[in-house]
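To keep things clear, I will list the structure first and then write my remarks on it.
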Amino acid sequence: MRVMLPDGSFKEFETEVNGLEVAKTISTSLSKAAVAVRVNGELRDLSDPVPDNAEVAILTSNDDDGLDIMRHTIAAQVLARAIKNLYPSARLAIGPTIKDGFYYDIAFEENISLDDLEKIEKEMHRIIKEGHKIEKKVYNRADAISLFKDRGEDYKVKIIEDTPNSDAFQIYHQGETSFIDLCRGPHLPSLGKIGAFKLTKVAGAYWRGNSQNEMLTRIYGTAWRTQEDLDKYLHQIEEAEKRDHRKIGKEMDLFHLQEEAQGSVFWHPHGFTIYRELESYIREKIYADGYVEVKTPQLMHSKFWEASGHWDKYRENMFVVPDVVPNIELNGPVFKEEPKEFMALKPMNCPAHVQIFKHGIKSYRDLPIRMAEMGCCHRNEAHGALHGLMRVRQMTQDDAHIFCREDQIGEEVKRFVALFKDVYNDFGFTNIKLLLATRPDKRAGTDETWDKAEKAMADALNDLGMDFEYAPGEGAFYGPKYEFHLVDSIGRTWQCGTCQLDFVLPERLDASYMGADGGRYRPVMIHRAVFGSFERFIGLLIESTAGIFPFWLSPTQLVISGVTEANNPTAEALVKKFKAEGIRVEFDGRNEKISYKVREHMNAKVTYVGIIGNKEQENGTITVRRLGVNEQETYTVDEFLTKMKEEIKTRALPPTPKDSE
RNA sequence: GCUGCCGUAGCUCAGUGGUAGAGCACUCCCUUGGUAAGGGAGAGGUCGGAAGUUCAAGCCUUCUCGGCAGCACCA
């Protein structure tokens with residue numbers, strides 16, 4: 001028999017071989033470093049026999065797949081066994097790998113807290129030191145079930161029982177120990193090849209991801225090839241946490257949240273400056289792109305939401321208000337009578353926009369109508385879902401609904417993606433994940449319509465050269481959608497922009513236009529938002545910039561101070577001059593040293609600190625230091641003003657810092 | 001909503017049963033200093049809330065509210 005290696009060469013063998021034996025014929029060092037093998041594109045254990053004529057690649061922990069296998073082994077063999085040793089009554093569920101690490105879901109009888117992780121880690125190190133071989137055995141269904149049943153591992157039993165059409169279950173053993181684990185593998189051949197790891201957090205997770213099921217304890221860990229890699233990763237996380245928008249929001253005095261208004265933002269002057277700039281920015285963009293802007297009611301009667309379908313499908317996420325005059329008797333009930341009529345705060349703007357569309361008769365010639373609203377929406381989000389600016393209960397969307405004919409969908413979708421690309425470019429966002437969410441099982445509309453819609457959306461992205469992934473079955477029931485995700489400081493992704501085709505709402509709310517033939521037709525609605533919500537977008541902007549905003553968005557663009565009190569009048573006059581030119585500038589005349597003031601303003605993320613000393617006073621210049629660049633530069637007053645105005649006009653991104661810490 | 005952890009001064013945090021602390025910020029005084037903390041003094045907290053145990057509770061118990069991480073949810 002023979003196998004093909006990644007370089008295209010062949011190895012001949014007399015008898016059947018496994019991956020390890022193939023590795024040995026290549027080099028001794030490779031066979032020692034080998035963690036698993038890829039056979040015809042599939043990951044397998046080194047001990048698995050290799051079929052004739054297979055393509056074979058030996059993996060080490062230097063390969064991404066190899067590293068992933070190592071993480072898997074740490075979870076399923078080391079962590080799981082440590083848990084069973086320390087907590088014999090614990091039952092194991094599943095232990096997969098994730099980005100940068102792994103987790104294991106376990107049913108404990110006792111409470112596991114962060115403090116227990118140290119003890120578990122210690123046991124893990126002890127187990128690794130034993131260096132047992134990891135061996136795989138295959139059992140038939142009945143044997144596999146009885147094996148785990150005897151040990152009370154009912155989650156493993158459930159997993160086997162719910163795996164149909166299989167009578168071969170892989171169970172990994174560890175040397176002479178009694179530890180076993182059901183696993184699809186592959187695993188390292190022995191515990192001797194494990195790199196550096198650390199258990200990071202403990203949290204709850206529902207069995208099989210279903211909130212109807214019991215909650216298990218999930219232990220997270222991270223693992224790397226070497227201690228050095230691990231340290232680097234942990235350091236990165238630490239650095240990233242400094243960019244947390246909640247922390248920077250406090251430091252820059254941008255906003256706050258308080259418990260009487262959970263999930264609703266108190267925007268402070270600095271934060272609202274950013275908000276306002278973004279608002280006028282996006283207005284400028286969409287006006288140039290042919291949108292019209294409207295404003296619709298906050299509070300509408302339940303009948304309205306019944307018609308739109310929200311009352312049935314979305315009510316648990318709505319704030320409902322009884323339409324009754326409240327009672328003001330001392331110590332009396334809030335309402336004297338049981339409320340019969342209800343209003344609700346709008347969770348979305350779309351149904352209201354349809355009402356505007358329906359006023360007057362629309363012709364096919366009127367379409368498309370691109371109807372925008374900076375719409376303030378309230379959603380009754382679960383308490384546990386709230387997260388700083390990222391997930392709030394009151395948000396303002398840069399929302400719009402495009403009413404168009406079916407033949408205009410492709411063009412309109414493309415137009416939106418182009419707008420989106422343009423905007424995200426302006427903010428320097430590069431790490432954008434784009435998903436095309438396709439038809440879910442439960443859906444409205446014919447397959448023909450879905451085919452057309454999905455194709456139009458995919459074509460638009462291809463035409464624009466945008467990379468995207470499909471999210472099968474994740475579309476809205478009324479149509480496919482794009483989801484634009486951004487990544488926060490610690491790697492969580494948040495959906496910002498979206499673009500959704502909707503064939504259903506115009507039908508439900510009976511919107512129509514008159515075609516060229518005089519017949520009545522349903523418009524298609526495209527729901528779309530570029531920022532998503534101002535709140536979330538600003539949160540992500542804070543984290544991506546670490547508070548070093550582009551000049552045009554900077555809440556305080558410049559602080560000017562004299563070197564001594566004698567220079568202050570000149571400094572103050574300059575502040576007045578710049579302020580009159582629209583620069584957000586402040587005067588700092590406090591009795592402190594320059595270095596102190598510089599430090600303070602840099603910490604507060606002021607873009608420029610400008611200093612006026614005797615030299616500047618004589619020459620009509622200003623010496624500035626820019627946040628993130630940290631070098632002194634001297635300009636004439638007019639030069640500096642021109643420079644600032646130019647940066648605002650072009651909405652320039654901040655210069656990249658030269659000295660990286 | 002669920003699981004776990006946390007809640008002390010404006011901020012960051014120390015304080016495990018015996019008279020509430022530190023640094024920064026704030027106010028005042030000295031200092032007039034050329035680019036990331038000059039010096040001194042002062043003011044500031046019913047320790048998230050309620051109930052309980054105790055001679056005594058920031059600390060122990062129960063309930064409750066909030067925050068954090070993850071899960072579920074995210075039209």
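Here is the naming used below: chain letters follow the sequence lines, and residue numbers restart at 1 for every chain. Hydrogens, waters and symmetry mates play no part in the numbers below; they use all other heavy atoms, side chains included.
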RNA chain B: 5'-proximal contact among A/Pro347 and A/Gly384 (nearest heavy atom)
A/Gly384
Between C1' of B/C71 and NZ of A/Lys201, the distance in whole Å:
12 Å
Look at the aromatic rings of A/His310 and A/Trp305 and report parallel, tilted or perpendicular, splitting at 30° and 60°.
perpendicular
Base, sugar-phosphate, or nothing for A/Ala476, non-hydrogen atoms under 4.0 angstrom?
sugar-phosphate
Using a 4.0 Å heavy-atom cut-off across all strands, classify A/Gly209 as base, sugar-phosphate, or nothing.
sugar-phosphate
Among B/C74, B/G70, B/C65, find the nucleotide with the atom closest to the side chain of A/Ile490.
B/G70
Give the C-alpha distance, both sets of side-chain angles, the deciding distance and a yes or no for side-chain contact (heavy atoms from CB on, under 4.5 Å) between A/Thr607 and A/Thr556.
CA-CA 7 Å; A/Thr607 309; A/Thr556 310; over 6 Å; no
Could you tell me the separation between the CG atom of A/Asp253 and the P atom of B/C24, rounded to a whole number of Å?
21 Å
Taking the P atom of each, how far is B/G10 from B/G52, in whole Å?
28 Å
In terms of side-chain heavy atoms, does A/Thr498 have a donor or acceptor partner in A/Gln500 at a distance below 3.5 Å?
yes
Need one value for A/Phe477: base, sugar-phosphate or nothing, where a base atom within 4.0 Å counts as base even if backbone is also close, heavy atoms only.
nothing
Which base sits across from B/G4 as a Watson-Crick or G-U pair, both distances under 3.5 Å?
B/C68
Rounded to whole Å, the CZ-C1' distance (A/Arg315 to B/C73) equals 18 Å
Test the A/Lys313-A/Phe477 pair against the cation-pi criterion, namely NZ or CZ under 6.0 angstrom from the six-membered ring centroid and within 45° of the ring axis.
yes
Phosphate contact (B/A25 OP1 or OP2) by A/Tyr596 side-chain N/O below 4.0 Å
yes
Walk me through whether A/Arg626 and A/Glu647 qualify under salt bridge (charged side-chain N to carboxylate O under 4.0 Å, His left out).
CA-CA 13 Å; A/Arg626 185 177 186 136; A/Glu647 261 195 69; 2.8 Å; yes
Considering every strand and a 4.0 Å limit on heavy-atom distances, what is the contact class for A/Asn603: base, sugar-phosphate, or nothing?
base
Under 4.0 Å, counting only non-hydrogen atoms across every strand here, what does A/Lys597 touch: a base, just sugar-phosphate, or nothing?
nothing
Assess whether atom NZ of A/Lys358 is packed by more than 12 heavy atoms of other residues, nucleotides or ligands within 6.0 Å.
yes
Who pairs with B/A9 - Watson-Crick or G-U, where each distance is under 3.5 Å
none
Base, sugar-phosphate, or nothing: which does A/Arg218 touch, judged by heavy atoms less than 4.0 Å apart?
sugar-phosphate
Tell me what A/Glu565 touches on the nucleic acid: a base, only sugar-phosphate, or nothing, going by heavy atoms under 4.0 Å.
base
For the pair made of CD1 in A/Ile612 and C1' in B/U32, what is the distance, rounded to whole Å?
17 Å
Please work out if A/Val202 contacts a base, only the sugar-phosphate, or nothing of the nucleic acid, heavy-atom cut-off 4.0 Å.
nothing
Of the nucleotides B/U35, B/A69, B/C73, which one has an atom closest to the side chain of A/Ala385?
B/C73
Categorize A/Thr217 for me: base, sugar-phosphate, or nothing, with a 4.0 angstrom heavy-atom threshold over every strand shown.
nothing
Could you tell me how far apart A/Arg599 (CZ) and B/G23 (C1') are, to the nearest whole angstrom?
12 Å
According to the Watson-Crick and G-U wobble definitions, with both distances under 3.5 Å, which nucleotide is paired to B/U35?
none
Does the side chain of A/Gln262 get closer than 4.0 angstrom to OP1 or OP2 of B/G66 through an N or O atom?
yes
When only distance counts, do a donor and an acceptor, one from the side chain of A/Tyr206 and one from the base of B/G70, lie under 3.5 Å apart?
no
Of the listed nucleotides B/A36, B/C71, B/C11, the one nearest the side chain of A/Ser595:
B/A36
Criterion side-chain contact (heavy atoms from CB on, under 4.5 Å) on A/His485 and A/Gln495, from CA distance to verdict
CA-CA 4 Å; A/His485 293 261; A/Gln495 186 187 312; 3.7 Å; yes
Distance criterion of 3.5 Å, no angle test: do you see the side chain of A/Arg208 paired donor-to-acceptor with the base of B/C71?
no
Watson-Crick or G-U wobble partner of B/C26, both distances under 3.5 Å
B/G42
Integer-rounded Å distance: B/G33 C1' and A/Asn568 CG:
12 Å
Side-chain-base donor-acceptor pair under 3.5 Å for A/Glu616 and B/G34
yes
Which is true for A/Arg393 with a 4.0 Å heavy-atom rule: it touches a base, it touches only sugar-phosphate, or it touches nothing?
nothing
Is A/Glu214 touching bases, backbone alone, or none of the nucleic acid, heavy atoms closer than 4.0 Å?
nothing
Tell me whether the OP1 or OP2 atom of B/U35 has a side-chain N or O from A/Arg626 closer than 4.0 Å.
no
Under 3.5 Å side-chain donor-acceptor pair for A/Thr296 and A/Glu373:
yes
Touch check for A/Leu114, heavy atoms < 4.0 angstrom, all strands: base, sugar-phosphate only, or nothing?
nothing
Which part of the nucleic acid does A/Arg246 contact within heavy-atom distance under 4.0 Å: base, sugar-phosphate only, or nothing?
sugar-phosphate
Who is the Watson-Crick or G-U wobble partner of B/G17, with both distances under 3.5 Å?
none
Between P of B/C65 and CG of A/Leu257, the distance in whole Å:
19 Å
Searching all strands shown, indicate the nucleotide that pairs with B/G52 (Watson-Crick or G-U wobble; both distances under 3.5 Å).
B/C60
CD of A/Gln258: more than 12 outside heavy atoms within 6.0 angstrom?
yes
Nucleotide of B/G34, B/G70, B/G4 approaching A/Asn111 most closely (side-chain heavy atoms)
B/G4
For B/G39, take OP1 and OP2 only and decide whether either is under 4.0 Å from a side-chain N or O of A/Lys593.
no
Let's test this: given Watson-Crick or G-U wobble pairing with both distances under 3.5 Å, identify the partner of B/C47.
none
A/Ile611 side chain: which of B/U35, B/G1, B/A37 is closest?
B/U35
Proximity to the side chain of A/Met215 - top-ranked nucleotide from B/G34, B/G66, B/C71:
B/C71
Taking the side chain of A/Val598 as its heavy atoms from C-beta onward, which of B/U35, B/A69, B/G33 lies nearest to it?
B/U35
Reckon A/Thr564 touches a base, only the sugar-phosphate, or nothing at all at heavy-atom distances under 4.0 Å?
base
A/Asp588 CG to B/A37 C1': how many Å, rounded?
14 Å
Both A/Arg625 and A/His383 contact RNA chain B. Which one's nearest nucleotide lies toward the 5' end?
A/His383
